[in-house]
Amino acid sequence: MLPLANLVGRLGGLTAVLVGLTLCAIIQQQVSGDFPVPATRRQGVDTRPPQAAKVSRPVTATSLIRQVRATVNEQRATLVRRAFGIQDVPRTNVRLVRIDRAGGWAFGTYAVPPPAGMDAMPHSSLFVARRSGKTWRITLAGTGEFTRLVRRAPVTVIPEDQRPFLERYDRATAESGNTSAGLALPWRAGQSWTVRSMADLSGLRFAGGDGRVLASGAGRLYRLCARSPRRGMLLLIHPDGMVSEYYQVADVPDLEDGALVEQGEYLGRISTDRPCGGPAARGRAAAIFTLLSGEHALSLEGTRIGGWTLHTAEGRFYADRSGLRVGSGDPLLNFGPDSAVPASTSHPSGRLA
C-alpha cells in the first residue's frame with residue numbers, strides 16, 4: 001500500500017507542476033501578443049460589416065429657394081433699395097410654381113415685401129432655374145437669358161400655351177412706358193369705388209361696391225407668396241406683355257398657376273391680408289392694384305384704364321375723362337374697357353375740372 005500512495009503523491013505533484021506551466025504559458029502569450037486574435041481582426045483586415053457608402057443628397061427645394069433669394073439680393077438689391085428707400089433688403093418670399101427634379105428645371109415667382117408700415121406694393125417678378133451639378137443657375141425675368149430658358153424649359157415646367165405670355169412679359173421691359181389698351185378698372189363696370197393713390201404713386205388702393213375684385217383684362221394668372229390656394233398676391237400677364245397685379249385680396253379662386261382668365265373674371269375680395277410679409281393692413285378692407293412692365297412698376301401718369309386717363313401732376317393723383325376730373329379719395333366710375341358710357345355722363349363725385 002505504501003508504494004501505491006507514494007506513486008499517487010508523485011503524480012499529484014507532477015499534475016500541479018503541469019498546471020502551473022500551462023498558466024505561465026497563457027500569461028506569456030497575453031503579454032507577448034501571441035494569443036490568437038478574433039477572426040474579425042486577423043491579419044490586419046477588418047472584416048466587420050462595412051458602413052453604408054455616403055450618397056450625395058439631391059438638390060432640394062430648400063436649397064433652390066435659398067439660391068433664388070441670393071440671386072435677388074445680388075441682382076435686384078439696387079432696385080429694391082431705390083423703390084423702398086432702405087439699405088437692408090427684406091427677406092424675399094419665393095414660391096415654386098413647378099419643378100422637374102429629374103430634369104433639373106424649375107419656374108417660380110418671388111416678391112420682396114416693403115418695410116413694415118410703408119404704403120407700397122412688394123417688388124415682384126418671375127424666375128426660371130436650371131440645375132448645374134449640385135447648384136441651380138437662377139435667371140430672373142427682365143433678361144434675355146430668361147426668354148431663352150423659357151423657350152428651352154420642358155412642358156412639365158412651362159406648358160406650351162404659357163410660353164408666349166412669359167416671353168412677351170420679358171420683352172415688355174424694353175417697352176416700358178407703353179400702356180396696355182383695353183384694360184378696365186378691377187371692379188364691376190358701372191360701379192363707383194373709392195380710389196386713393198399709394199404714397200409713391202405707383203398704384204391704386206380701392207374699396208367699395210360689392211367688394212369683388214375682377215381681372216382688368218384677359219391673361220395668364222400666377223400666385224405669389226402664399227401656399228394656401230385661397231390666398232396670395234396675384235400677377236396677371238396680359239397678351240401684350242403688360243402685367244396687372246392685385247394685392248390684399250382674399251378668397252382667391254383655386255386656379256392652376258398659368259390659368260387663362262377672361263376680363264372681368266372674379267379674382268377675390270378686398271381684404272387687409274398681406275401674404276407677402278408684414279402685418280395686416282390697418283383700417284378697412286381694400287385692394288391694391290398696379291401695372292408692371294417687366295419687373296418695373298409703371299408710372300400712373302398717362303395710363304388709360306376703365307375709360308379714364310390717370311395723372312400724377314405735382315405729386316397728386318387724379319383721373320381725367322374729357323375734362324371731368326376725379327381726385328384721390330373720391331368715387332371713380334368704371335366705364336369698362338370700351339368706354340361704353342358717354343363721356344358727358346354725370347359722375348358721382350360731381351367734380352369737374
* **Sequence neighbours excluded - disulfide bond (SG atoms under 2.5 Å apart) pairs with any residue from residues 187-245** => C225-C276
Side-chain contact test, heavy atoms from C-beta onward, threshold under 4.5 Å: evaluate it for [X] versus [Y] and give yes or no.
X: H123; Y: L79; result: yes
X: N334; Y: Q191; result: no
X: R131; Y: W105; result: no
X: R269; Y: R212; result: yes
X: P186; Y: L214; result: no
X: F165; Y: P239; result: yes
X: D119; Y: D200; result: no
X: Y110; Y: L140; result: yes

* Is it the case that more than 12 heavy atoms not belonging to R91 sit under 6.0 Å from its CZ atom? -> no
* R316 atom CZ: more than 12 heavy-atom contacts under 6.0 Å ->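 Result for CZ/R316: open.
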Is a side-chain donor-acceptor pair under 3.5 Å present for [Y] with [X]?
X: R196; Y: S328; result: no
X: S271; Y: D273; result: no
X: Y247; Y: T290; result: no

* To do: Just do the side chain to side chain contact (heavy atoms under 4.5 Å, CB included) check on T194 and R284 with the steps written out, would you?
  => CA-CA 12 Å; T194 301; R284 64 174 183 163; 4.1 Å; yes
Between [X] and [Y], which heavy-atom pair has the shortest distance, and what is it?
X: L236; Y: A215; result: CD2-CB, 3.9 Å
X: Y169; Y: A141; result: CE2-CB, 3.4 Å
X: S124; Y: L292; result: OG-CD1, 4.3 Å
X: R81; Y: Q87; result: NE-O, 2.7 Å
X: H311; Y: D320; result: CD2-CB, 3.8 Å
X: R95; Y: A226; result: NE-O, 3.3 Å

Indicate yes or no for a side-chain donor-acceptor contact from [X] to the backbone of [Y] under 3.5 Å, with no hydrogens or angles considered.
X: T143; Y: F146; answer: yes
X: Q263; Y: G182; answer: yes
X: R98; Y: D257; answer: yes

* **Audit row: L64, I138, side chain to side chain contact (heavy atoms under 4.5 Å, CB included) steps and yes/no** => CA-CA 9 Å; L64 170 57; I138 313 299; 3.7 Å; yes
* R321 and L333: side chain to side chain contact (heavy atoms under 4.5 Å, CB included), yes or no, with the steps? -> CA-CA 11 Å; R321 178 179 170 83; L333 177 63; over 6 Å; no
* What residue among V157, T139, V128 forms side-chain contact (heavy atoms from CB on, under 4.5 Å) with V150? -> V128
[atom1] of [X] to [atom2] of [Y]: how many Å apart, nearest 0.5 Å?
X: L234; Y: L224; atom1: CG; atom2: CG; result: 8.0 Å
X: M198; Y: M118; atom1: CE; atom2: CE; result: 8.5 Å
X: R130; Y: R152; atom1: CZ; atom2: CZ; result: 6.0 Å
X: L185; Y: L310; atom1: CG; atom2: CG; result: 7.5 Å
X: F84; Y: M121; atom1: CZ; atom2: CE; result: 10.0 Å
X: R66; Y: W136; atom1: CZ; atom2: CH2; result: 13.0 Å

According to a hydrophobic-cluster definition based on side-chain heavy atoms being under 4.5 Å apart (Ile, Leu, Val, Met, Phe, Trp, Tyr only), do [X] and [Y] belong together?
X: Y318; Y: F335; value: no
X: L260; Y: L166; value: yes
X: Y266; Y: V213; value: no

* To do: Verify side chain to side chain contact (heavy atoms under 4.5 Å, CB included) between H238 and S216, making sure each step is shown before the conclusion.
  => CA-CA 9 Å; H238 302 290; S216 61; 3.9 Å; yes
* Taking the six-membered ring for Trp, are the ring centroids of F127 and F107 within less than 6.0 Å of each other? -> no
* Indicate the ring-plane relationship of F289 and F206, choosing parallel, tilted or perpendicular according to the 30° and 60° boundaries. => perpendicular
* **Listed partners of A218 passing side chain to side chain contact (heavy atoms under 4.5 Å, CB included), at least two apart** => E262
